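Everything quoted here is computed from the prediction, not taken from an experiment.
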Amino acid sequence: MKTEKTLPGNTALPSTAADLTKLIAQEDGDFKYKVEDYFQTPEAYAFKLSPDGNYLSYMKRREDGKRDLFLKNTTTQEELLLVEQQEDLIRSYFWASPDRIVYSQDKGGDENYHLFGVNLDGSGNEELTPFDNVRVGVLATLKEDEDHVIVQMNKDNPAQEEPYKLNIKTGAIEKLYTVKEGDNPVAGYDFDKDGNLRAISKIINGVDMELFYNIDGEFKKIMEVPFGESFGIIRFDYASDNPDAAYVISNLETDKIEIQRYDLKANKVLETMYRDDTYDVSGITLSRKRNYEIDYYSHNGEKAVIVPVSETYKKVQARLQKDFGNKDFYVVGRTDDEHKMMVVVTSDRIIGEYHLYDVKKDTVTLLYKILPQLEEEDMAAMEPITFTSRDGVTLHGYLTLPNDIKKGEKVPMIVNPHGGPQGIRDSWGFNAEAQLFASRGYATLHVNFRISGGYGKEFYTSGFGQIGRKAMDDVEDGVDYVVSLGAIDKDKVAIYGASHGGYAVLRGMTKTPERYACGVDYVGVSNLHTFMGTIPAYWEKYRDMLHTIWYNPNKPEEKKIMDEVSPALHVDKIVKPLFVVQGANDPRVNIDEADQIVAQLRARGVEVPYMVKYDEGHGFGKEENTLELYKAMMGFFATHLK
């Protein structure tokens, strides 16, 4: 019998291609840069050096917008097509050994990632994890065992990931730990460089963590970590004579996350290695070649911060500054012998320029400029801002203004709340959306509202149970603050966001209907009740955390709040134009979240543009869909913000 695939959602709701074409045509200005200049797949990107330095790997764009995996011999400059994209995107890849690359794919954005392996001559290209409805993630690559990697899969239990040793050549798997029925769910596994399972993090009370450490062959509980606090192993300290020493991140005794050296067996802090008074820190880079010496610390502050430690890396930093001056540059890859390093130069006006630093030859060679058509001097500056919320909380964010604003001129603005929302933050750097908006005369505001990450646990936890309430107030206070600076037209402020940001769009348009001139909801939550009823199986162990971060429908007082802050229950309050965008295969925010809003608006006679892509998930990955999205968005803003 012939079977037909049923498309997700209500297929009668999405706007027709003709209607979307009309929307796109609303933007007809004469602009130096097209949408393609910002969002067309770069000619080459995702560069990585092979462990031996003999090859440079990268993704490369075809004329049709698809992207393939290529190799280039660093000696002969010969280029080889390694993996050709078919229907599904290559989502990520890495060098598993000097002669084999492993890459991941899912099906149409369903986020059930599978791993594939390929040899450097293109042979042996085969799936390594051919398990239906299973989600695979890489836990550890093993420099000491180049035939294997450590992965986690929910193969035996859809709601629980378990670790396996995977042979990257044969696909053979060996299960390394089983979560027994009735045991507390496991949230994380820590392996050392030799592939030994050293620590396990379990969820207790639905929200807290307990850490078990392998002591003399037995996993023993060494601590409990209350929800909202952090303790995690970054790397084991292989340079130490103490086999139980590790570098960890912790805020158990502090507000800000700091890097500590910790004795896991004795369960005590040995020393605090790196901290900052204002921001959480977490970055540490070691040299495997030099017996795991610390090269540098890093953290995300107002801008990115690099703090060299080793004498070797101090020399590297000083040498690179000769070429790059005060520009931001980062070592993003190096060969095992550390004779070659990949360096990226970036800023708020440069998306990325990749260079090869040959340490022995003391030469720096430009490899590729990402989006070279975007001239640095034409891009807009992203300025850090700090302001105070209506209830006295210090908040941070970023404001991008179009170039060449005349004195006394007021421009339209798009406020762009970030996704997550918990633990995520907006950062300084090149933002293609903000640059596109600036090129059209729109300012962009990013607000790191309470519950954002990076600013300490008090700020983070103060947002629990405040999504759609005080977290939304923070966004509004950010708008008021930048309007007070004088360059923003308060009557022409739009709101746009994805995921939680999409929820913030809908919540903003129902909470303060007159504040925003229009909104664009991209894969956003609309109804907290249905959202929590459709989470993927692998999120189930985090349900109590979800209830703590958002709201618990089993508590009458919180259910009442959920009713109040669920935009789908207040669609009648939406009085300004709305554009809704959804990936049909989204496993996190079900298409029903978008359908609900659109159906109710249509029932009221409101013609809301609705873009659905049936080969996408939680955000668009394919070039043709991404370009259509931003073209339609620009048409929508041209209609309602000009």
Side-chain angles (χ1 to χ4, degrees), residues 10 12-29 35 410-417 433-434 436-437 440-445 468 472 475-476 479 483 488-527 566-582 589 591 593-613 620 628-642:
N10 182 346
L13 290 175
S15 300
T16 65
D19 286 338
L20 291 174
T21 299
K22 288 179 184 177
L23 181 61
I24 290 170
Q26 295 304 305
E27 181 179 76
D28 57 359
V35 167
K410 295 181 185 293
V411 299
M413 183 175 75
I414 299 163
V415 57
N416 182 205
E433 290 180 337
L436 172 63
F437 299 159
R440 270 50 177 174
Y442 311 129
T444 302
L445 171 64
M472 197 72 220
V475 174
E476 296 165 4
V479 172
V483 166
I488 304 301
D489 184 342
K490 68 179 179 62
D491 296 321
K492 292 184 178 180
V493 176
I495 184 167
Y496 153 65
S499 194
H500 162 268
Y503 164 78
V505 170
L506 300 173
R507 175 60 178 149
M509 296 183 73
T510 52
K511 179 176 181 285
T512 52
E514 298 297 336
R515 175 179 282 274
Y516 303 107
C518 61
V520 178
D521 159 31
Y522 183 20
V523 297
V525 173
S526 70
N527 183 328
S566 289
L569 305 183
H570 303 279
V571 174
D572 59 304
K573 295 178 181 175
I574 296 178
V575 297
K576 298 295 179 66
L578 175 67
F579 177 27
V580 179
V581 183
Q582 183 68 37
V589 178
I591 190 173
E593 296 299 306
D595 280 359
Q596 289 180 65
I597 288 289
V598 174
Q600 290 184 71
L601 285 172
R602 295 270 174 83
R604 286 174 47 209
V606 178
E607 182 47 50
V608 53
Y610 184 27
M611 177 184 289
V612 176
K613 294 300 177 184
F620 294 175
E628 186 181 3
L629 163 63
Y630 286 106
K631 288 178 180 179
M633 194 186 302
M634 290 302 94
F636 183 78
F637 287 145
T639 304
H640 302 293
L641 278 187
K642 293 295 188 183

Chemist: Tell me which pairs pass salt bridge (Lys or Arg N to Asp or Glu O under 4.0 Å) where either residue lies in residues 515-525, with sequence neighbours left out.
Modeler: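 Found Asp480-Arg515.
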Chemist: Could you tell me which residues satisfy side-chain contact (heavy atoms from CB on, under 4.5 Å) with Ala498, sequence neighbours excluded, listed by chain and number?
Modeler: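 If we apply the side-chain contact (heavy atoms from CB on, under 4.5 Å) test to Ala498, skipping adjacent residues, the hits are Tyr522, Val523.
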Chemist: Report yes if the side chains of Phe579 and Met611 come closer than 4.5 Å at any heavy-atom pair, otherwise no.
Modeler: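 Yes, side chains in contact.
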Chemist: Determine whether a donor-acceptor pair (N or O, by modelled atom type, separation under 3.5 Å) exists between the side chain of Ser566 and the backbone of Asn527.
Modeler: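 No, Ser566 side chain to Asn527 backbone: no donor-acceptor pair under 3.5 Å.
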Chemist: Measure the spacing between CG of Leu436 and OH of Tyr630 and express it to the nearest 0.5 Å.
Modeler: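 The distance works out to 8.5 Å.
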Chemist: With sequence neighbours left out, what residues match Ile24 under side-chain contact (heavy atoms from CB on, under 4.5 Å)?
Modeler: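 For Ile24 the side-chain contact (heavy atoms from CB on, under 4.5 Å) partners, ignoring immediate neighbours, are Glu628, Lys631, Ala632.
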Chemist: Which heavy-atom pair separates Ser15 from Val608 by the least distance, and what is that distance?
Modeler: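 Heavy-atom minimum between the residues: OG-O, 4.1 Å.
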Chemist: So Phe620 and Val581, do their side chains get closer than 4.5 Å, heavy atoms only?
Modeler: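 Val581 reaches Phe620 side chain to side chain.
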Chemist: Give me the atom names and distance for the closest heavy-atom approach of Cys518 to Leu641.
Modeler: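 Shortest heavy-atom contact: SG-CG, 4.2 Å.
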Chemist: Taking only residues at least two apart or on different chains, which pairs with a member in residues 12-28 satisfy salt bridge (Lys or Arg N to Asp or Glu O under 4.0 Å)?
Modeler: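 Salt bridge (Lys or Arg N to Asp or Glu O under 4.0 Å) check on residues 12-28 returns Glu27-Arg440.
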Chemist: Keeping the roles fixed (side chain from Gln26, backbone from Phe636), state whether a donor-acceptor pair exists under 3.5 Å.
Modeler: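 Here the side-chain-to-backbone pair does not exist.
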Chemist: Could you grab the distance from atom CG of Asn416 to atom CG of Leu445, nearest 0.5 Å is fine?
Modeler: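 If we round to the nearest 0.5 Å, Asn416:CG and Leu445:CG are 9.0 Å apart.
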Chemist: What is the distance from atom OH of Tyr496 to atom OH of Tyr516, rounded to the nearest 0.5 Å?
Modeler: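 It is 15.5 Å, given to the nearest 0.5 Å.
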Chemist: Under 3.5 Å, sequence neighbours excluded: what are the donor-acceptor pairs made by side chains of residues 569-578?
Modeler:
residue	atom	partner	partner atom	Å
His570	NE2	Asp563	O	2.8
His570	NE2	Glu564	O	3.3

Chemist: Any chance you could measure Ile495, atom CD1, to Met413, atom CE, to the nearest 0.5 Å?
Modeler: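 It comes to 10.0 Å.
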Chemist: What distance do Lys492 atom NZ and Tyr442 atom OH have between them, rounded to the nearest 0.5 Å?
Modeler: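 Going from the NZ atom of Lys492 to the OH atom of Tyr442 covers 9.5 Å.
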Chemist: Measure across Ala443 and Ile488 and return the closest heavy-atom pair with its distance rounded to 0.1 Å.
Modeler: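 Here Ala443 and Ile488 meet closest at CB-CD1, 3.6 Å.
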Chemist: With sequence neighbours excluded, what pairs up with Asp491 under the side-chain contact (heavy atoms from CB on, under 4.5 Å) test?
Modeler: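 For Asp491, the residues satisfying side-chain contact (heavy atoms from CB on, under 4.5 Å) (neighbours in sequence not counted) are Asp489.
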Chemist: Can you list the residues that meet the side-chain hydrogen bond (donor to acceptor under 3.5 Å, both in side chains) rule with Ser499, with sequence neighbours excluded?
Modeler: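 Only His618 meet the side-chain hydrogen bond (donor to acceptor under 3.5 Å, both in side chains) criterion with Ser499.
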Chemist: Checking Tyr610 now: which residues fulfil side-chain hydrogen bond (donor to acceptor under 3.5 Å, both in side chains) with it, not counting sequence neighbours?
Modeler: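 Scan of Tyr610 (side-chain hydrogen bond (donor to acceptor under 3.5 Å, both in side chains), adjacent residues dropped) gives Asp595.
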Chemist: Which atom names give the shortest non-hydrogen contact between Val589 and Gly524, and what distance separates them?
Modeler: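 So the minimum-distance heavy-atom pair works out to CG1-O, 3.5 Å.
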Chemist: Measuring from Leu13:CG to Ile597:CD1, what's the distance to the nearest 0.5 Å?
Modeler: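 Rounded to the nearest 0.5 Å, the CG-CD1 separation comes out at 12.0 Å.
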Chemist: What residues form a side-chain contact (heavy atoms from CB on, under 4.5 Å) with Thr21, not counting sequence neighbours?
Modeler: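 None.
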Chemist: Check Leu506 against Ser526 and note the closest heavy-atom contact, atom names and distance.
Modeler: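 Result for this residue pair: CD1-CB, 3.7 Å.
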Chemist: Without swapping roles, check the side chain of Arg507 against the backbone of Pro567 for a donor-acceptor pair under 3.5 Å.
Modeler: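 Between the backbone of Pro567 and the side chain of Arg507 there is no qualifying donor-acceptor contact (under 3.5 Å).
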Chemist: Is the shortest side-chain heavy-atom distance between Thr512 and Glu476 below 4.5 Å?
Modeler: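 Yes - at least one pair of side-chain heavy atoms lies under 4.5 Å apart.
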Chemist: Taking all atoms of both residues into account, what is the closest heavy-atom pair of Glu607 and Pro609, and its distance?
Modeler: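 The answer is O-CD, 3.6 Å.
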Chemist: If a pair satisfies salt bridge (Lys or Arg N to Asp or Glu O under 4.0 Å) and one of its residues is in residues 633-642, list it, with sequence neighbours excluded.
Modeler: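 Residue pairs passing salt bridge (Lys or Arg N to Asp or Glu O under 4.0 Å), neighbours aside: none found.
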